[in-house]
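Heads up: the structure comes next, in structure tokens.
The first residue of the sequence shown is numbered 1, and numbering continues consecutively from there. Worth saying up front: this structure is predicted, and the values here are computed from it rather than measured.
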Amino acid sequence: MPTPLRYAARPAAAVTAGLFLWLAFPEPNLWWLAPVGVALLGAATLTAGAARGFGLGLLAGWAFFVPVLSWSGVYVGAVPWFALATLEASYVALMSAVVGYAGRRLVGNGHVGAAVALVPLGWVAQEWARGSTPYGGFPWARLAFSQADSPLAPLARWLGAPGVTLAVAVVGTGLLAAAYGLSEGRRGVVVTGVVLAVVPWAGGLVPLPTDGREVAVGFVQGNVPQAGLEFNAERRAVLDNHVRGTQGLARRAPEDLSLVVWPENSSDIDPFRNADAAEQIQRAQEAVGVPLVVGAVLAEPVGASSNVSLFYLPGGAEPQRYTKLHPVPFAEYIPNREFFRVFSAAADLAGNFVPGEEVGVFDVPAAAGDYLVLPTICFEVAYDGLMRDAVLAAGGEESLLLVQTNNATFGYTAESEQQFAISRIRAIEHGRSVVHVSTVGVSGFVGPDGAVSGKTGLFTADQGLGRPVVRSELTPADRVGGAPEWLAATALLVLVLGSSRSSRRVRVLEPIARAREDHPVA
């Protein structure tokens with residue numbers, strides 16, 4: 001008779017898998033635990049069947065997303081936090097149901113290799129779905145984004161963030177296959193597993209390009225009077241902090257300074273409708289004497305708001321603008337607000353922001369030669385297509401990426417470090433330097449190889465000066481676009497359909513039951 005301990009083994013493995021995945025992310029940034037988490041979840045679900053696979057995946061998803069997204073509930077409470085964590089966990093549950101359904105049949109029919117292939121393909125497809133649905137998705141805490149300090153990170157240059165996720169999951173699958181081979185005494189499976197677990201690391205041996213023309217860039221992290229949802233209660237104080245920071249930066253700026261960047265929400269006073277705010281921004285721009293990028297909130301269109309990057313050139317002309325293309329659902333706007341108000345009064349805390357229509361491209365005039373800056377705002381950095389579209393919009397000209405963000409609403413949590421890690425993966429993926437600037441930190445410069453310089457701390461007023469390189473190359477990841485996700489999803493579908501078409505009766509036996517069949521008791 002099966003013991004309770006045996007019944008508990010799969011749930012324990014699933015929960016441990018989720019906790020390991022959480023620990024792989026900043027902070028504590030134990031990136032090497034990510035493939036171990038993949039292996040444990042695969043071991044728990046591969047022959048579990050659809051229903052049990054779903055339940056085990058949900059357990060793993062909760063163990064993963066509840067802690068890794070804990071920053072989302074710091075000021076709005078537990079209900080929105082757990083709702084978001086449960087939504088994200090449901091994708092892991094669906095993936096595990098698919099793996100359990102098809103894996104049970106494939107293993108039962110002797111197709112172990114095809115069965116274990118479900119695991120890495122499932123991870124890529126699951127993250128694609130999670131980052132696309134609903135309301136445009138929420139692609140946070142993807143396996144790739146835990147690997148900024150890992151030897152697997154350079155693979156982003158070739159296959160983008162999905163390629164890094166695939167590599168992490170392949171390593172985990174190799175560990176799973178090796179463990180299965182050892183338990184079954186199958187040397188060939190052990191060797192195959194070891195190869196799968198080792199080969200992806202070879203991608204880190206390929207040097208990443210760091211060449212390019214250096215340009216002098218500054219950023220201003222002005223800080224806010226207080227953390228939390230009321231960070232902009234003293235909007236003029238936030239604006240003044242950035243003006244003073246820019247004036248301080250001007251006193252130590254090099255002669256060849258070409259650009260200064262402020263973060264998201266550095267002016268929540270609309271400078272097109274408030275002459276005083278416009279004057280303060282102009283004072284800051286004149287202090288440095290170079291183009292200035294300002295993160296602002298505009299009271300437009302009528303009855304709504306826009307989250308924008310404004311590009312001020314010397315001379316006082318009206319600034320160019322980039323309007324955020326993907327406002328965050330349930331934060332910058334609430335879809336179906338009346339419905340969600342029933343569950344939480346926090347539904348009324350969100351804004352009414354509308355999306356822009358065009359990718360942002362600002363042309364920076366510099367004495368040593370013009371270059372382009374490509375702004376993205378806050379969580380947009382997590383969306384593959386938005387970042388890739390920005391790079392493609394540069395049209396092969398020298399450029400660098402700007403990530404303007406505001407982390408004041410998440411307090412002293414890991415959110416800022418998680419986001420900065422995403423910028424590092426993006427730098428490698430697109431072969432571009434990134435200027436990552438936050439209202440409250442962390443801010444810093446990221447090289448095209450993911451290397452960091454000038455990094456700041458949380459909730460401090462600081463200014464940074466750096467010499468990032470501008471580059472014009474399109475990486476292989478830029479060229480292949482979303483093909484890795486399409487291919488992974490297609491391959492997964494083929495395996496699932498193939499398992500369903502099998503005419504053989506499938507029965508997967510636990511090791512003890514198998515031993516009893518092999519050696520029956522008279």
Residues R471 and D211 bridged, charged N to O under 4.0 Å = yes
Is R130 paired with E88 through a side-chain N to carboxylate O contact shorter than 4.0 Å?
-> yes
Does any N or O in the side chain of S146 come within less than 3.5 Å of the main-chain N or O of L143, such that one atom is a donor and the other an acceptor?
-> yes
Considering only NZ, NE, NH1 and NH2 on the basic side and carboxylate oxygens on the acidic side, decide whether E429 and R426 come within less than 4.0 Å.
-> yes
Determine, stepwise, if the pair R142 / D384 fulfils salt bridge (charged side-chain N to carboxylate O under 4.0 Å, His left out).
-> CA-CA 11 Å; R142 294 159 66 185; D384 293 350; 2.9 Å; yes
Should E473 and R432 count as an ion pair when the cut-off is N to O under 4.0 Å?
-> no
Here the pair of heavy atoms bringing R213 nearest to D370 is NH2-O, 3.0 Å
Heavy atoms only: give me the nearest P375-G360 pair and the separation to one decimal.
-> CD-O, 3.2 Å
Quick one: CD on Q126 to OH on Y91, what's the gap to the nearest 0.5 Å?
-> 9.5 Å
Begin with the C-alpha distance, continue with both residues' side-chain angles, and end with the deciding distance and a verdict on ring pair (Phe, Tyr, Trp, His ring centres under 6.0 Å) for W486 and W128.
-> CA-CA 9 Å; W486 281 101; W128 185 23; 5.0 Å; yes
Pair F145 + F25: ring centers closer than 6.0 Å | no
Output the distance between atom CG (L313) and atom CG (L292), rounded to the nearest 0.5 Å.
-> 10.0 Å
Give a yes or no on whether a salt bridge exists between R467 and D256, defined as a side-chain N under 4.0 angstrom from a carboxylate O.
-> yes
Exercise: identify the closest heavy-atom pair between G37 and F20 = CA-CB, 4.1 Å
For the ring pair W62 and W22, is the centre-to-centre distance below 6.0 Å?
-> no
Closest approach of L155 and P200, non-hydrogen atoms and distance?
-> CD1-O, 3.8 Å
Passing candidate, ring pair (Phe, Tyr, Trp, His ring centres under 6.0 Å) with W140, options F64, Y383, F410, F379 | F379
Y322 vs F311, ring pair (Phe, Tyr, Trp, His ring centres under 6.0 Å): CA-CA, chis, key distance, verdict = CA-CA 8 Å; Y322 161 68; F311 183 57; over 10 Å; no
